[in-house]
Amino acid sequence: MRLRIINPNTTASMTDKIGAAALAVARPGTEIIAVNPASGPVSIESHFDEAIAAVGVCDEVRAGEATGTDAYVIACFGDPGLYAARELTRAPVIGIAEAAFHMASLIATRFSVVTTLGRTGIVAERLLHEYGMANRCRRVRAAEIPVLALERNPQAAFELIVEEALRARREDGIGAIVLGCGGMADLTEQIAQAVGLPVIEGVTAAVALAESLVTLKLQTSKHGDLDFPPAKPFSGDFARYSR
Ligand code: 5HY
């Protein structure tokens, strides 16, 4: 099977890291195509960044449909463009936040999330409610690091994430930690060792779920809201979407 892993920001080094993490857990025979849009924000740290990144996600799904893809992963913890992407394909589309929440809920009664910036925490909280997982998450915490600190100063970023995860272990009455950024994909084992709790990371969780859905021949339903978008003319910069 062929999985297209979409890093919705445009930082190629983060896309490479996400691709390597996906490949490390993929089954033999699973082809991993890790991509990022040509246009968009270098990191996603606001609602505006997410809105623009969602268009890039849709463009990468359209590209994947042209080359043949069995499932898609949206490798940003805001799951930007998830429902729009599901409309564009029959293949399963998995957001890393949704995947991580579900995997965490299978191994712990309660978990906490450790994300990058406090201001993006509210996005994770909104998704927890949207996915019906709010009662399983004790707190969405932030290491207060910009997303690209994970690229530019990984050791310092790692230490701040561990500090916050240890606080969660002490204070939140939880059994597991969910990492709240695709750019943390390479830190899972180190953080689990440092914190002494199971740590769930979204990219690897999403790859495992995507492979299971493809094996079960389960596809995105085209009955109802996730049916293909109605054909219509688009104008200006978006004329390429006209059908
Ligand atoms: C992510 N931003 O996973 C989110 C993390 C965040 O560029 N990749 C990003 O802080 O919301």
Side-chain angles (χ1 to χ4, degrees), residues 4-22 34-60 72-82 85 93-104 112-131 133 137 139-154 156-158 160-161 163-165 168 177-188 191 199-207 209:
R4 196 176 185 88
I5 317 293
I6 304 168
N7 170 21
N9 71 43
T10 58
T11 299
S13 60
M14 191 172 283
T15 306
D16 296 343
K17 180 164 62 177
I18 287 167
V35 295
N36 57 258
S39 308
V42 289
S43 63
I44 299 159
E45 298 170 323
S46 70
H47 300 298
F48 180 71
D49 295 344
E50 261 202 28
I52 304 300
V55 176
V57 166
C58 292
D59 284 341
E60 284 302 332
Y72 298 86
V73 169
I74 299 176
C76 167
F77 209 75
D79 296 352
L82 181 65
V93 182
I94 313 281
I96 64 170
E98 189 171 21
F101 297 155
H102 282 291
M103 285 290 198
S112 283
V113 175
V114 177
T115 189
T116 53
L117 293 172
R119 71 172 291 165
T120 63
I122 200 153
V123 174
E125 286 163 9
R126 181 172 53 77
L127 293 179
L128 285 160
H129 283 280
E130 196 169 309
Y131 300 148
M133 283 281 172
C137 180
R139 273 190 73 178
V140 175
R141 293 171 168 270
E144 287 306 347
I145 52 171
V147 169
L148 292 186
L150 293 159
E151 301 300 299
R152 297 187 182 132
N153 197 341
F158 169 72
L160 289 167
I161 296 165
E163 255 180 55
E164 198 56 38
I177 296 277
V178 165
L179 297 183
C181 181
M184 297 176 185
D186 61 333
L187 299 176
T188 316
I191 294 173
V199 170
I200 297 93
E201 184 285 316
V203 172
T204 46
V207 166
L209 283 174

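Owing to the predicted nature of the structure, the values given are computational and were not obtained by experimental measurement. In each ligand, atom 1 is the first atom listed, and ligand 1 is the first ligand listed.
Ligand 1 has a nitrogen or oxygen under 3.5 angstrom from a nitrogen or oxygen of Thr116. Distances between N or O atoms of Phe77 and those of ligand 1 include at least one value under 3.5 Å. Residue-to-ligand polar distances place Gly182 within reach of ligand 1: an N/O pair is separated by less than 3.5 Å. Ligand 1 has no N or O atom lying under 3.5 Å from any N or O atom of Ile96, backbone or side chain. Looking at ligand 1, you won't find any N or O of Glu45 less than 3.5 Å from one of its N or O atoms.
Under the side chain to side chain contact (heavy atoms under 4.5 Å, CB included) rule, Ile145 has a single partner from Asn153, Thr115, Ile161, Leu117, which is Ile161.
Not a single heavy atom of Pro41 sits closer than 4.0 Å to an atom of ligand 1.
The local environment of CZ in Arg119 is sparse, with at most 12 non-hydrogen atoms from other residues, nucleotides or ligands closer than 6.0 Å.
Taking the side chain as every heavy atom from C-beta outward, Cys137 and Val113 approach each other to under 4.5 Å. Put simply, the side chain of Met14 does not reach to within 4.5 Å of the side chain of Val42, judged on heavy atoms. Contact check for Ile44 versus Phe77: no side-chain heavy atoms found under the 4.5 Å cut-off.
Atom 4 (C) of ligand 1 has as its closest protein heavy atom Cys76 SG, 3.5 Å. Atom 2 (N) of ligand 1 has its closest protein heavy atom at Ile44 O, 2.7 Å. Ranking protein heavy atoms by distance to atom 5 (C) of ligand 1, first place goes to Cys181 SG, 3.5 Å.
Under the 3.5 Å distance criterion, the side-chain polar atoms of Asp79 are matched with a main-chain donor or acceptor of Ala97. Put simply, the side chain of Glu45 never gets that close to the backbone of Pro146: no donor and acceptor are under 3.5 Å apart. For Asn36 (side chain) and Ile6 (main-chain N/O), no donor-acceptor pair under 3.5 Å exists by modelled atom type.
When heavy-atom distances to ligand 1 are checked against a 4.0 Å cut-off, Val123 has no atom that comes that close, whether in backbone or side chain. Contacts between Val147 and ligand 1 below 4.0 angstrom, taking non-hydrogen atoms only, involve the side chain exclusively.
Annotation for ligand 1: atoms under 4.0 Å from non-hydrogen atoms of Thr120 are 6 (C), 10 (O), 11 (O). Taking every non-hydrogen atom of Thr115 and a distance limit under 4.0 Å, the qualifying atoms of ligand 1 come out as 10 (O). The distance from ligand 1 to the heavy atoms of Ser43 drops below 4.0 Å at these ligand atoms: 7 (O).
The CD atom of Glu164 sits 8.5 Å away from the CD atom of Glu144 when rounded to the nearest 0.5 Å.
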